[in-house]
2 protein chains.
Amino acid sequence: MFTSISPPAAQPPAPPSRRELNKAATRQAISDSTLGLLRSAGPGNFTVEDIAESAGISRRTFFNYFSSTEAAIASVTHGFLDTALEQFRLRPADEPILESARAALVELADPMTVAPMAELFSLTQASPLLARSELEAWDHCTEQIIAAARERAARNPAVDMDGDMDELYLRSLAGSVISCGKAAMEVWFSRCGTDLSAESLAILRQLLIDSMALLGSGFAASAPQHPDSPASQPLQSDSPAPHSSERS
Amino acid sequence: MFTSISPPAAQPPAPPSRRELNKAATRQAISDSTLGLLRSAGPGNFTVEDIAESAGISRRTFFNYFSSTEAAIASVTHGFLDTALEQFRLRPADEPILESARAALVELADPMTVAPMAELFSLTQASPLLARSELEAWDHCTEQIIAAARERAARNPAVDMDGDMDELYLRSLAGSVISCGKAAMEVWFSRCGTDLSAESLAILRQLLIDSMALLGSGFAASAPQHPDSPASQPLQSDSPAPHSSERS
DNA sequence: GTGCAAAGATGCACGTAGTGTAACTGCGTG
DNA sequence: CACGCAGTTACACTACGTGCATCTTTGCAC
């Protein structure tokens, strides 16, 4: 993937200037140092000055990149959710949102992608100090999904956007999707910890699929009385997943 | 509908001791002073010392009650969500969770209950500073719902709790319910602002009902193509709640 | 009432978080 | 090479949150 000759004009693809590079490197160094201290010292047991020293920068510079230690830590979550959003955005516009979400989430069950998240989960266990920025990250992702879904609908005149209903619909759906994805992640971690083996990732995939299926089925309109009926049809990850649209 | 609120509470029926009373009064004074400053100065434009002075206490005492200004502000949201949880908990144990949630949420559409929330919404508009504690409050409510639902299931041997599925089910459902309730509140506020008239509350009720219906129907497995079909038909609270389309 | 013990409020000090500001350094450009 | 600018750094300052010692209030027994 050589982006040929794109001097400094293109917006996203080719600004490999020295300054941008240094900035990215510094940002990464800060993030790494923060994670390192989180590992060695534990949450709440190190200061911004420690991070700065570890990253080889000044305390002031840290705040030029992140507004707080929590923000630096949450950059992991942001990166994780950004890949999900990326996947979501390049789904076909006429696809049901739930199906797009399912597809995007399943893409996350990849070693390189979940590894940082899994470690973050393990490091922030029983530490409400860090929960704040995490919640913010998920909430931010919700807003992004709303924006993406709205833009998708705008490009898709087939669905009539009744100005009255769409706002509630979009916000409810996006929030629920995020909540279910989060729930799947939480259950997965509580079950598999930081295990990144193929079986563990398969479980994660299935949990994500199941949570989306629960959402799509309206949670079976009741309690999970029949483990076979509501959402556990063993649909495997890469097969087309017919996804029978269950309308009422 | 007078819920016959007797002066003391249920479990702690007789602790009107002087100490408890003073503590409650101080706590309320702090909360009031904080809200007052939020009104007069705006978010981020006053310090803990200002609150303490306004409440007639010392700065140190403030921190004996709240860990931060945000926490003091979020006490409003906590109170709001606590009433919802209270309603949820006294629903019959054999009722579907979604229906219980719907009933509990509709109870919130009461002037005395929503008034503080509505004002908080208006005061914290465009202020991400306060969003953190708000998110925490909603998240805390989610955990409470999970706990309540789990306890309910434990007392209801009819539903078999498959140890494998229930965790994902509970977390997904609870998170989705909260997300939808939140979405309804947000839409309501963006539409009605701090209007607490009967019509406005009817709209809120209907939004809450609609969001739960969306959830129960699996979001119609698609986009809201038919404004009449997806979620608005079955239940009307007590007023037709005329839907007026306004678009930006 | 008086005395006592515990709970709570207060003042003080300390470390840390963020932020404004001005000086400084290295990269990009003419 | 020199200039301009993005980015870094040092410094100062306000505010936050907490530990600790002290003082005041409350509850209780006598």
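Values below: all heavy atoms of this structure, side chains included; hydrogens, waters and symmetry mates excluded. Within every chain, numbering begins at 1; the chains are lettered A, B, ... in the order of the sequence lines, protein sequences first and strands thereafter.
- With hydrogens and angles ignored, a donor-acceptor pair closer than 3.5 Å exists between the side chain of A:Arg60 and the base of C:dG20.
- Side-chain to base pairing of B:Arg19 with D:dT26: one donor and one acceptor N or O lie within less than 3.5 Å of each other.
- Taking the six-membered ring for Trp and thresholds of 30 and 60 degrees, A:Phe121 and A:Phe189 have ring planes inclined between 30 and 60 degrees apart.
- Remark: C1' of D:dG27 and CG of B:Leu21 are 14 Å apart, rounded to the nearest angstrom.
- D:dG17 atom C1' lies 12 Å from atom CZ of A:Arg132, rounded to whole Å.
- Across the protein-nucleic acid pair, B:Asn22 atom CG and D:dT26 atom P stand 6 Å apart, rounded to whole Å.
- Under the 4.0 Å criterion applied to side-chain N and carboxylate O atoms, B:Glu70 and B:Arg132 are not assigned as salt-bridge partners.
- DNA chain C is contacted by both B:Lys23 and A:Glu49; B:Lys23 maps to the nucleotide lying nearer its 5′ end (nearest heavy atom per residue).
- Between A:Glu119 and A:Arg39 there is a salt bridge, with a side-chain nitrogen of the basic residue lying less than 4.0 Å from a carboxylate oxygen of the acidic one.
- B:Glu143 has a carboxylate O that lies under 4.0 Å from a charged side-chain N of B:Arg171, or vice versa, which qualifies the two as a salt bridge.
- Taking 4.0 angstrom as the limit, B:Thr61 places a side-chain polar atom (N or O) nearer than this to OP1 or OP2 of C:dT10.
- To the nearest angstrom, P of D:dG7 lies 15 Å from CZ of A:Phe66.
- Distances from the side chain of B:Thr47 to the nucleotides D:dC16, D:dG27, C:dT10 place D:dC16 closest.
- In this structure, A:His78 and A:His140 have perpendicular ring planes: the angle between them is above 60°, well past the 30° mark.
- What separates CZ of A:Arg59 from C1' of D:dC11 is a distance of 11 Å, to the nearest Å.
- Between B:Ser67 and D:dG17 there is no side-chain polar atom (N or O) within less than 4.0 angstrom of OP1 or OP2.
- Counting non-hydrogen atoms under 4.0 angstrom, A:Tyr65 reaches the backbone sugars and phosphates but no base.
- As a whole-Å value, the separation of B:Leu37 CG from D:dA15 P is 14 Å.
- Counting non-hydrogen atoms under 4.0 angstrom, A:Asn64 reaches a base of the nucleic acid.
- As a whole-Å value, the separation of A:Ile57 CD1 from C:dT25 C1' is 16 Å.
- Between B:Arg27 atom CZ and C:dA9 atom P there is a gap of 11 Å when expressed in whole angstrom units.
- Nucleic acid contact class of A:Arg18 (heavy atoms, under 4.0 Å, all strands): sugar-phosphate only.
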